[in-house]
Amino acid sequence: MMRILATAAGLAFPPLVALLVLALGGWLAPVPALVAAGLVALAMLGFALIWVRDVEMLIDAVRQVATDDSGVTPRIAPSLALMEAVGREIERLMRRVSQHTALVDQFRRADEAILERLPDPLIVLAPDRAVRRANSAARAAFGADMAAVLRHPGLRAAIDRAFSVGAAQTAEMTLPVPMSRELHATVVPMDPPLADGGRAIVVLSDRTRERAVERMRADLIANASHELRTPLASLIGFIDTLLGPAADDLPAQQRFLGIMAEQAARMNRLIDDLLSLSRVELTEHQAPPDQLDLGTLLPRLAAGFEPRLAERSLTLDMQIAERLPPVAGDADQMAQVMQNLLDNAVKYGREGGVVRLTAHVAPAGNRWPNRPGVLISVADQGAGIAREHIPRLTERFYRVDKGRSRAVGGTGLGLAIVKHIVNRHRGQLLIESELEVGTTVSVWLPQAVGSARAFDAD
Ligand SMILES: Nc1ncnc2c1ncn2[C@@H]1O[C@H](COP(=O)(O)OP(=O)(O)O)[C@@H](O)[C@H]1O
Ligand SMILES: [Mg+2]
């Protein structure tokens with residue numbers, strides 16, 4: 001009200017002074033002068049009323065642009081024609097601002113979504129190094145251990161360096177708990193800071209598997225070289241003897257050449273097994289190509305073993321169920337599995353005993369997967385394997401008794417090859433053994449998809 005009166009007074013002042021001067025100077029009669037003055041005051045009051053209302057409306061609108069970011073643009077409807085133009089411009093400004101706000105909001109949400117969905121664990125740090133945010137991969141990988149990860153001295157030092165240098169820093173660390181993990185961390189300082197105030201991001205990648213693979217590869221090369229060196233050293237030794245002291249000793253030469261042939265054969269077997277292993281590894285991620293009919297394949301493979309069985313006076317007891325469903329498999333690799341299992345049964349079985357080869361539809365139950373499959377087992381009556389060795393038998397070069405294995409021509413790679421082949425076939429391997437009773441190695445293989453399920457367990 002005060003504002004209206006003051007505005008009206010300000011507007012009316014010049015014409016009222018002019019009327020007063022005219023009246024006092026006698027140019028205007030007092031009565032018309034008074035009437036005119038009244039009209040002027042009234043008109044100015046009315047005008048001030050409309051003017052002040054319009055201006056206040058515009059002020060409110062501008063204030064809303066500045067403070068509110070709800071994105072709603074109210075309609076501005078001033079009464080004065082001139083104010084209407086101003087109102088339109090303000091409305092346009094409001095629309096621009098709200099579009100801009102929406103865009104900024106969209107960018108921020110996109111940034112958040114990218115960080116959140118990144119497959120690598122990522123942690124956003126505030127300027128005081130507290131955790132501002134952790135993406136889903138980080139929450140899944142570390143959960144409550146997040147603080148422990150950030151307390152790791154190597155990572156703390158990298159964060160300090162990143163903040164002081166202003167450039168990305170890396171750290172390697174090993175977390176002992178809850179399970180040993182090897183992590184590679186990259187700390188990237190954020191300048192300008194992220195929308196949520198984050199001043200640095202820590203990206204962690206789990207290198208545990210890669211490191212294990214690297215170590216395994218290095219171990220394999222070291223082991224293979226070591227295994228090859230022994231027969232090679234013996235060959236070199238005998239060659240020296242043949243060239244020197246035994247040059248004229250024909251019986252000794254015959255004996256040494258016999259041993260040399262054995263050593264060379266051993267090197268040959270080692271290289272064969274190493275090559276098989278690497279071939280199997282190469283195909284491990286491809287589905288096996290053939291449909292195998294075990295009912296004909298197994299007897300054929302077993303027949304090939306007759307001479308070896310005879311050498312140790314072993315009897316083969318073969319029980320292969322009729323109408324076995326086909327399995328998806330690689331014929332050469334399956335032959336290798338049977339070869340290695342029968343070979344072990346012959347080598348480690350009891351001389352003069354029985355080797356039993358069975359194949360039947362896998363019984364449903366909790367030992368084998370709950371899908372249709374076929375179970376093949378090779379059982380011997382040998383000395384058996386102590387319990388603590390069993391989980392390690394499929395490791396490369398692992399042998400319970402190195403000397404014995406070597407003496408019977410073993411390389412320590414047979415079961416490792418079997419394990420890889422079974423993995424490729426999406427099957428399962430089970431080794432059961434009882435000391436002084438014997439060993440049974442079972443291979444479960446999934447039934448080929450697409451083959452009818454008209455087979456019952458027996
Ligand atoms: N049927 C078995 N009876 C007793 N021990 C076995 C049997 N099969 C395997 N083993 C043990 O497992 C080890 C690893 O087997 P494998 O990988 O086939 O190597 P290799 O036969 O060349 O020695 C063997 O050295 C042996 O100690
Ligand atoms: Mg073997």
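We count ligands from 1, going down the list as the structure has it; atoms in each ligand are counted the same way. Just the heavy atoms: all of them, side chains too, but no hydrogens, waters or symmetry mates, feed the values below.
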J.: Work out which heavy atom in G353 is nearest to a heavy atom in Q381; give both atom names and the distance.
T.: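 Scanning both residues completely, I find the closest heavy atoms to be CA-OE1, 3.4 Å.
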J.: Where is the tightest heavy-atom contact between E227 and K402, given as atom of each residue plus distance?
T.: OE2-CE, 3.8 Å
J.: With distance as the sole test, does R181 use its side chain to make a donor-acceptor pair with the main-chain N or O of P176 at under 3.5 Å?
T.: no
J.: Apply salt bridge (Lys or Arg N to Asp or Glu O under 4.0 Å) to the pair R269 and D272, showing each step before the final yes or no.
T.: CA-CA 5 Å; R269 275 196 304 274; D272 277 349; over 6 Å; no
J.: How close do R211 and E182 get, heavy atom to heavy atom, and via which atoms?
T.: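 Of all heavy-atom pairs spanning R211 and E182, the closest is CG-OE1, 3.1 Å.
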J.: So, the side chain of R199 versus the backbone of P193: is there a donor-acceptor pair under 3.5 Å, distance only?
T.: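 Looks like no, no N/O pair under 3.5 Å.
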J.: Strictly under 2.8 Å, is any N, O or S atom of N344 next to the Mg ion (ligand 2)?
T.: yes
J.: As a test of reading the model: which N/O atoms of the protein lie under 3.5 Å from N/O atoms of ligand 1, and at what distance?
T.:
unit_1   : atom_1 : unit_2 : atom_2 : d
ligand 1 : 1 (N)  : D380   : OD2    : 2.7
ligand 1 : 3 (N)  : T439   : OG1    : 3.4
ligand 1 : 8 (N)  : N344   : ND2    : 3.3
ligand 1 : 17 (O) : G414   : N      : 3.2
ligand 1 : 17 (O) : L415   : N      : 2.7
ligand 1 : 18 (O) : N344   : OD1    : 3.1
ligand 1 : 18 (O) : N344   : ND2    : 2.9
ligand 1 : 18 (O) : L415   : N      : 3.4
ligand 1 : 19 (O) : G412   : N      : 3.4
ligand 1 : 21 (O) : N344   : OD1    : 2.9
ligand 1 : 21 (O) : K347   : NZ     : 2.9
ligand 1 : 21 (O) : Y348   : OH     : 3.3
ligand 1 : 22 (O) : T411   : N      : 2.6
ligand 1 : 22 (O) : G412   : N      : 2.7
ligand 1 : 23 (O) : Y348   : OH     : 2.8
ligand 1 : 23 (O) : S405   : OG     : 2.7
ligand 1 : 25 (O) : Y348   : OH     : 3.3
ligand 1 : 27 (O) : V400   : N      : 3.1

